[in-house]
Amino acid sequence: MSPVTHFLSGWVLANCARLDRKERELVTFACVVPDVDGLGIIPELLTRNSAHPLLWFTLYHHSLHTLAFALIVAALSYAFAAQKWKTATLVLLSFHLHLFEDLLGSRGPEGYQWPIPYLMPFSSRFQLSWQGQWGLNNWPNVAITIVLLSITMWLAWRRGRSPLEMISAKADAALVTTLRQRFPAGCNDAE
Ligand SMILES: [Zn+2]
């Protein structure tokens with residue numbers, strides 16, 4: 001699925017527990033971070049028509065969609081979080097939510113399934129894929145993204161925070177105020 005869908009999934013998951021702002025950030029980013037291995041798309045596209053194209057996306061995409069990387073990310077979160085075990089556990093869960101979402105719907109336009117080499121670099125035998133996988137741009141992904149976005153707005157209205165808190169407290173507060181003015185009844189979850 002797209003990074004936006006992963007991001008929103010991580011955010012919703014992070015809001016299922018009582019975490020502080022930094023811990024929410026760690027759990028949210030754990031749902032996006034496997035896709036840093038896809039950044040090779042940029043040099044690959046840029047060099048596509050050159051004499052020496054760099055096939056970094058083709059070669060490395062999904063190379064960090066592994067248990068080993070999940071454990072590294074969880075260990076880093078453990079180091080940075082105040083509620084260490086709780087955050088590290090949710091980070092592991094969030095990372096695996098990303099893998100699950102990729103299994104569901106990330107088939108490329110060319111039909112390639114991008115199997116997940118879960119046990120790499122220790123074993124290349126175990127490759128996760130699902131026959132019924134739908135395409136990256138198919139409607140279920142759009143529907144899931146709309147649902148997640150609605151939950152995100154509901155959380156902002158009810159709990160008084162949105163992913164904007166990661167960028168600017170002011171922007172976050174402005175969004176919450178707007179939502180609460182628009183829908184005044186029932187907001188203000190005492191938390
Ligand atoms: Zn992915």
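Just follow the structure's listing: the first ligand is 1, and inside any ligand the first atom is 1. Computed from a predicted model, the values in this text were never measured in an experiment.
Classification of K86 and E23 as a salt-bridged pair fails, no side-chain N sitting under 4.0 Å from a carboxylate O.
Scanning for ring pair (Phe, Tyr, Trp, His ring centres under 6.0 Å) contacts around F57 gives H61, W114, with sequence neighbours left out.
Taking the six-membered ring for Trp and the full ring otherwise, the centers of H98 and F29 sit at least 6.0 Å from each other.
For the Zn ion (ligand 1), protein N/O/S neighbours under 2.8 Å (waters excluded) are D35 OD1, H65 NE2, H98 NE2, D102 OD2.
A donor-acceptor contact closer than 3.5 angstrom is absent between the side chains of T5 and E101. There is no side-chain donor-acceptor pair under 3.5 Å between N138 and R107.
L64 is not listed as a side-chain neighbour of P34, based on a closest heavy-atom distance of 4.5 Å or more.
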